[in-house]
Amino acid sequence: MDNQYQPAEIERQVQENWTRQKAFRAVEADGRPKYYCLSMFPYPSGKLHMGHVRNYTIGDVLTRYHRMRGFNVMQPMGWDAFGLPAENAAMANSVPPAKWTRDNIAYMKKQLQSLGFAIDWERELATCDPSYYRWNQWLFLRMLDRGLVYKTTGTVNWDPVDQTVLANEQVIDGRGWRTGAPVQKREIPMYYMRITAYAEELLASLEELPGWPERVKTMQANWIGRSEGVNIAFPYALDGEQKQLKVFTTRADTVMGVSFCAVAAEHPLAAHAAKNDPKLAAFVDECKRGSVMEADLATMEKKGMPTGLYVTHPLTGEQVEVWVGNYVLMTYGEGAVMGVPAHDERDFAFARKYGLPIPQVIAVEGMTYSSDAWQPWYADYGVCVNSGPYDGLDFQAATDAIARDLKAKKLGEKQVQWRLRDWGISRQRYWGTPVPIIHCEGCGDVAVPDDQLPVVLPEDCVPDGTGNPLNKRADFLECVCPECGGKARRETDTMDTFVDSSWYFLRYACPDSDKAMLDERVKHWLPVDQYIGGIEHAILHLLYSRFWTKVMRDLGLVRIGEPFANLLTQGMVLNEIFYRKAATGRITYYNPVDVDIRTDDKGTRIGAALRSDGQPVESDGIGTMSKSKNNGVDPQKLIEEFGADTARFFMMFASPPEQTLEWSDSGVEGGYRYMKRLWAFAHQWQAAIAGVSKRRNGDYTGHAFPDDLGSSSPTVAGLRREIHTVLKQASFDMERKQFNTVASAAMKMLNALQDGTGADGAAKHLHDALHEGFGILLRVLYPITPHVCHMLWNELGYAGDLLDATWPEVDESALRRDEIELVLQVNGKLRGNILVPSEASRAVVEGLALESEAAKKYVAGQPIKKVVVVPGRLVNIVV
RNA sequence: GCGGACGUGGCGAAAUGGUAUACGCAGCAGACUUAAAAUCUGCUUCCCGACAGGGAGUGCGGGUUCGAGUCCCGCCGUCCGCACCA
């Protein structure tokens, strides 16, 4: 091999070797424990971005490391291939989404392969293949049978010019992204999955996931949003009929302080009252039209109007006026609230504004109430006052008593309320899984029989932005009703792409199963032992996947209730943002590769300028790589210039996996320098290192260094001590997935080996120590930069294939030394070092410490209160 | 507003309650070179000091401990998530 480091050539050869021997094929029948390592599959957008490189490198390091630890590892890969961008690309280039998607898959697969990931490509799947999505349809129908799928109306964004439904991201400032027309809301029939039926379990079983980050679990728990309270009915008569206004409250103890009720603009009562009141109708209309951005809602002024309707307080019998409030959400609870102004900040503001009474019903000891201004304690738990029979009761006792009394009157009871809503899966789009339903005039909505699955999506459509092209396809639309045999029309809605990604990790176990959704092999591989992906999927994707797994368990398809045992959420890849603001106010962003940084002679930054014209540019700080900020770096260029190993090394070295990673060109070059240094060292000492294994007919990889060589010279002993000390740290860091310090460890090892040869190149047994140390280095580095390690392992004559090597063992005897240096502290302050025999007892160490010069100087005759000895570390003299 | 994470050199970062700043980047000096690049060697937290040496130091204030970047309490700041949830 060349003495020059040639990554392109090395990586090509090594990858060919792996492909030839099918090195990463995962087979079930195997005595080893299994390890299923999964990275979130990519959307085939065209080419890989840095986030992918980081994600898949983390997965690959874990994959290769666990193989070294004796696991039977499966690392699959596939494509989240349905979705809107393909339709947009189709419109722009007049190419069918299917072709665009498959071309992208082919290109991105090549990119992934060039990075040398240990993927079992035989398990590859794409969600746009009928062999995959037929099982979306099949499970949809099973859920329909069990009432877990149902049909009802839902609200969508409607573009009146293009006559099409828009996804949320296609609505910009309330207007259609293509037409600029104000978006309308439309109620259309949609299919929903009853995820709320699993709310309780989805929340409770979060506790079975110790391998998940706390914050992801918190986000999921907040999203599910369980609250305990009481449902209260306020009776009223309308058009001679007895009715009830139902509200939900978590503060039933304040019910005696109700001075009004408020309903959402969409509430039936509001609509009814508005019929005879044009001003109210206008207000209701205004509320409905108002911004749908929830962040805006929170800061919006609280407004309301009375409906003129009154309801009866369920306990006092008093008449309570009903208002329409712009802050009441139709989508939570019953769309109505009771107003207790004295003990709810929002209700307080509302009551003050409209002159409603604000009676105190909760007292907190030592606090004085006044209805003039809100005080935070008003919302605290306390003791009931002015509450008739409930006076003196605390929160729990009052809630219990009130719930009991309401229940006796059949006007309320305790209830658990969820924030989670059912999952609407219908999309009025072309490029997705067809919903397997047939509409028949006589029989209504009819399920497609199993033997007619899959309902195949025609792949030659080119959307033009004006509605779903399936509506123009007679060959798709026209069909026969499975029940009556008459003419019928096929459903053209497709499924949310989150459906596709809710079970792909199960299908990897048996991607070729054509008789059933899953087969026996699922039992072997699942659950996923390690899942890796972006934090942006912390809620929806992970929640839907957990939901589907539980549904499939209840259908007898899998045994597990939770799909992902351990979750690693990788940090984002950031880069600096540079821009110029023109006099017109227009901002232009410049890619960091085109910008030069100017520094003073201490290296402190003083400015930045565009290379092409030398004029200054402003920095907008560090942000996620994005097209809009023009701060992305193309991984392809990185691989071509430095090779996959350097790309992988930098990604692992620059920061720990869960933290953000800042791009740095010079950091990449540092990684490349290390690769070159490694290569050069191996070739400089090749004869020595390889010679050892020839001479001794074996090597020391996986074995302790021969006893007679251990302490042959200070150089050798020192080198071995350093290698094994660093190895110990690297093993610890690998287990806790802190890969940046594993990369550091590899660098330290090379530094130690170089120092060893420099200090005493002729030391006895130095070659043995180099052979051992370099073998350890190659195995520590192998999960991160497998190509160069594989090549050097073979060239230097180490035994076997590095693919089958085990993680190196620490030789504790190499760490041993006769004398150790302890830190000497006086009153916790560092005052020097002392040398003590490594086997010295506590008393001996104490004695040596007290006799030392430093101790005498700083103790200076003061009485000694205590001496703390931490074996192997320090002595602290307290005076 | 609620919840979470974080705050360490010029920069990315390390430190399993025990020598803070490992490893790398940038910078400075030197070697090699006609020269540059590449490569190699050394230095590089701050302050005082010519040196020897001394002092300060992990956002700020307090606490626990023989000992705190690390644990606890209170502030300040940054980032992220959720957000009129009754």
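Owing to the predicted nature of the structure, the values given are computational and were not obtained by experimental measurement. By convention in this document, chain letters (A, B, ...) are assigned in the order of the sequence lines, proteins followed by strands, and residues within each chain are numbered from 1.
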Does this structure show an ion pair linking A:Lys728 with A:Glu812, if we count only N-O contacts that are shorter than 4.0 Å? yes

So does A:Lys302 reach the base of B:C84 with its side chain, donor to acceptor, closer than 3.5 Å? yes

Sort out the partner of B:C2 for me: Watson-Crick or G-U wobble, both distances under 3.5 Å, none otherwise. B:G81

If you measure from the C1' atom in B:G17 to the same atom in B:C23, how many Å do you get, rounded? 23 Å

Are A:Tyr354 and A:Phe260 close enough that their ring centers fall under 6.0 Å? no

Considering Watson-Crick and G-U wobble pairs with both distances under 3.5 Å, what does B:A86 pair with? none

Whole-angstrom distance between B:G67 and B:G18, as gauged at atom C1': 7 Å

What do you reckon, are the aromatic ring centroids of A:Phe650 and A:Tyr672 less than 6.0 Å apart? no

Given the 90°-from-0 boundary between syn and anti, B:G9 should be labelled syn

Calculate the interatomic distance between A:Leu420 atom CG and B:C82 atom C1'; express it in whole Å. 14 Å

Using Watson-Crick or G-U wobble geometry with both distances under 3.5 Å, which nucleotide pairs with B:U16? none

How far does the C1' atom of B:A15 sit from the matching atom of B:U70, given to the nearest Å? 9 Å

Given the C1' atoms of B:A52 and B:U39, what is the spacing between them in whole Å? 37 Å

When we call it a touch if two heavy atoms are under 4.0 Å apart, what does A:Glu658 touch: a base, just sugar-phosphate, or nothing? nothing

Taking only the side-chain nitrogens and oxygens of A:Gln738, find out if one of them lies under 4.0 Å from OP1 or OP2 of B:A15. yes

Please report the distance separating the C1' of B:C80 from the corresponding atom of B:A26, rounded so that it comes out in whole Å. 30 Å

For the pair A:Trp679 and A:His683, name the ring-plane relationship: parallel under 30°, tilted 30 to 60°, perpendicular over 60°. tilted

Which nucleotide, if any, forms a Watson-Crick or G-U wobble pair with B:G30, using both distances under 3.5 Å? B:C40

Report the residue (A:Arg736 or A:Met330) whose heavy-atom-nearest nucleotide on RNA chain B is the more 5′ of the two. A:Arg736

Tell me: CD1 of A:Ile539 to P of B:G81, nearest whole Å? 10 Å

Using both distances under 3.5 Å as the test, list the Watson-Crick or G-U wobble partner of B:A68, or none. none

Are a donor atom and an acceptor atom from the side chains of A:Tyr674 and A:Asp645 found within less than 3.5 Å of each other? no

How far does the C1' atom of B:A35 sit from the matching atom of B:U45, given to the nearest Å? 36 Å

Mind checking if A:Val328 touches a base, just sugar-phosphate, or nothing, with heavy atoms under 4.0 Å? base

Would you classify A:Asn751 as touching base, sugar-phosphate or nothing, given that sugar-phosphate means primed atoms plus P, OP1 and OP2, and contacts are heavy atoms under 4.0 Å? sugar-phosphate

Under a 3.5 Å cut-off for both contacts, is B:C25 paired Watson-Crick or G-U wobble with anything, and if yes, with which nucleotide? B:G10

Can A:Asp422 and A:Thr196 be counted as having a side-chain donor-acceptor contact under 3.5 angstrom? yes

